[in-house]
Number of protein chains: 2
Amino acid sequence: MMEVVKTHAVHGGTLRYLKHDSQTTGTPMTLSVFVPAGTGPFPVLYWLSGLTCTEDNFTTKAGAYQAAAAHGVIIVAPDTSPRGEGVADDEAYDLGQGAGFYVDATQSPWAPHFKMESYVTGELIEKVEAQFPANGVRGVSGHSMGGHGALTLALKYPHLFTSVSAFAPISSPTRCPWGEKAFTAYLGDDRAEWARHDAALLIEAGAAKGHYDDILVDQGDADSFLENQLKPELLLAAADKAGQKITVRMQPAYDHSYFFMASFMADHVAFHAARLKA
Amino acid sequence: MMEVVKTHAVHGGTLRYLKHDSQTTGTPMTLSVFVPAGTGPFPVLYWLSGLTCTEDNFTTKAGAYQAAAAHGVIIVAPDTSPRGEGVADDEAYDLGQGAGFYVDATQSPWAPHFKMESYVTGELIEKVEAQFPANGVRGVSGHSMGGHGALTLALKYPHLFTSVSAFAPISSPTRCPWGEKAFTAYLGDDRAEWARHDAALLIEAGAAKGHYDDILVDQGDADSFLENQLKPELLLAAADKAGQKITVRMQPAYDHSYFFMASFMADHVAFHAARLKA
């Protein structure tokens, strides 16, 4: 059982901050879990946050729990990386602690603890769904680096997930500075290995073809990372080529912040609920 | 004009963080202002935050802007005190910077800058309503220390406000440790002066009698400050004695956090909108 660190009532349900010793990362890991009122069992939406975030940013700022309560969906928000004194780090905000990129690192000094792909798709799901009233039906969403995480994990593990969406995702990490830097550090120089963790390239290669009836992406057109890092046009081109339906909504005047996400979060929860409860 | 520090689109409207040199406090002051889509003019809801908060806590965590957008209400959230190097402070979280208590201090070392009552009821309203499309109709709400601020300013300045509500307010600062400490420091030992800033005593004395058709108060019954600091029963007793209608909703399992406020914020915005737009 994961340790409950704090509990709050919110929107008729119960929000818990949790902590556990992870066998996957070899570190303590933190997360939050919102469970709606009632006995369930409920489907679960996994939320993957962006660079610099812990589980707390989404939990306090995204305003997701009203919709989750209304639809009867559990929401799980893990931290974005292993952390602590014995864990490798970098001074930059976009590498190391707070920047796990939802891959399993193979390179030094990251390989011992940076196993976020295995953590999210394995131990996190197992531990959460053993402790809370989950029905085994799952969606995944996330923001920016976590949007990349949501898309790539959904495409690589379609047996785990029924629905996927993203806010301002890194669409193709092999073709933007954030991704090139992180993948070089975590995965080394072999670009064939990189391609296995690139949402646009995975879609283009037909990953999970036919499994997801649609993928919802919201993107602010005033997002300062849009052109250089996020590049949703690469998702659209890949989806067009592969015959994967994807709905990319360009939202006028919205930026990269939680204010943007909070504005459209209810739409995403409804998008997932429609598929998780179908 | 106040300087716009940051702008975010949110829920179809525009959120601005602002900064200005205050003649009232003699310091720079910060605030946030949400303006719904459209040309207005709109009524304005002033939000007063609690101990330790800046304008940012409400702005990022309260989830108020969806309801404000739906009802067409501007929301203004000022900082809770003057701040900076030349400003008196105390190591404790409940006195000094972040703890202005919405009174004008008369005692040393607080008197030069701690003028939050005059600031909120004068310069803040003037500056906001000169710069944004306000129609001169106002409500006031707040949390904890800011709930005390909302209630006392509404009762003392009924010509300024049309509606008032509060979350977990300090109901009677003359009868709780937070209030006794702050009022001794800011106002001195004269308890007759204290009574002028005590919501329960003001209601009991008939302040603003007949002006507010109802006062909405939400209070979590799992709030750790409930019995020792907040004491909503003193508001109820005073209202009963004076014939002032007040609706105190005890919310089962809710605590003192922004998760509690976010859960009932839409109700408060609707309560104000019904009166501000009547």
Side-chain angles (χ1 to χ4, degrees), chain A residues 5-17 32-37 53 55-70 75 77 167-168 218-224 226 249-270, chain B residues 5-17 32-37 53 55-70 75 77 167-168 218-224 226 249-270:
Chain A
V5 179
K6 276 188 298 186
T7 300
H8 300 278
V10 61
H11 287 295
T14 305
L15 173 71
R16 294 176 181 84
Y17 285 87
S32 77
V33 177
F34 170 80
V35 180
C53 287
E55 74 282 7
D56 200 43
N57 304 68
F58 171 85
T59 306
T60 59
K61 297 181 179 181
Y65 302 129
Q66 183 171 17
I75 301 189
F167 290 83
D218 273 309
Q219 171 64 58
D221 77 0
D223 186 325
S224 58
L226 174 57
R249 309 193 302 187
M250 294 302 295
Q251 301 288 4
Y254 286 87
D255 60 24
H256 201 63
S257 71
Y258 270 90
F259 296 112
F260 156 60
M261 286 183 268
S263 300
F264 302 102
M265 190 58 70
D267 290 356
H268 282 245
V269 174
Chain B
V5 178
K6 278 189 296 187
T7 300
H8 300 279
V10 61
H11 287 296
T14 304
L15 174 70
R16 293 176 181 85
Y17 285 87
S32 77
V33 177
F34 171 79
V35 181
C53 289
E55 75 282 7
D56 201 44
N57 305 68
F58 171 85
T59 305
T60 59
K61 298 182 178 181
Y65 302 129
Q66 183 170 16
I75 301 190
F167 289 83
D218 273 309
Q219 171 65 57
D221 77 1
D223 185 324
S224 58
L226 175 56
R249 309 193 303 186
M250 294 301 295
Q251 302 288 3
Y254 285 88
D255 60 24
H256 201 64
S257 71
Y258 269 91
F259 297 112
F260 155 61
M261 285 183 269
S263 300
F264 302 102
M265 190 58 70
D267 290 355
H268 282 246
V269 174

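Reminder, nothing fancy here: chain letters follow the sequence lines and each chain counts from 1.
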Taking atom CZ of A:Phe260 and atom NE2 of B:His11, what is their separation to the nearest 0.5 Å?
12.0 Å
Check: B:Gly12 main-chain N/O paired with A:Tyr254 side-chain donor or acceptor under 3.5 Å:
yes
Compare every heavy atom of B:Phe259 with every heavy atom of A:Thr59, then report the nearest pair and how far apart it is.
O-CE2, 3.3 Å
The criterion is salt bridge (charged side-chain N to carboxylate O under 4.0 Å, His left out); which residues satisfy it with B:Asp267, sequence neighbours excluded?
B:Arg249
Which region of B:Thr60, side chain (C-beta onward) or backbone (N, CA, C, O), has a non-hydrogen atom less than 4.5 Å from a non-hydrogen atom of chain A, or is it both or neither?
both
For A:Ala253 against B:Ala9, the heavy-atom pair lying closest together
O-CB, 3.3 Å
Please identify, among B:Gln66, B:His8, B:Lys61, B:Gln251, the residue contributing the most non-hydrogen atom pairs under 4.5 Å to chain A.
B:His8
Chain A contact via B:Thr7 - which portion, at a heavy-atom distance below 4.5 Å:
backbone
Sorted by chain and residue number, the side-chain contact (heavy atoms from CB on, under 4.5 Å) partners of B:Asn57 (sequence neighbours excluded) come out as B:Cys53, B:Thr54, B:Tyr258
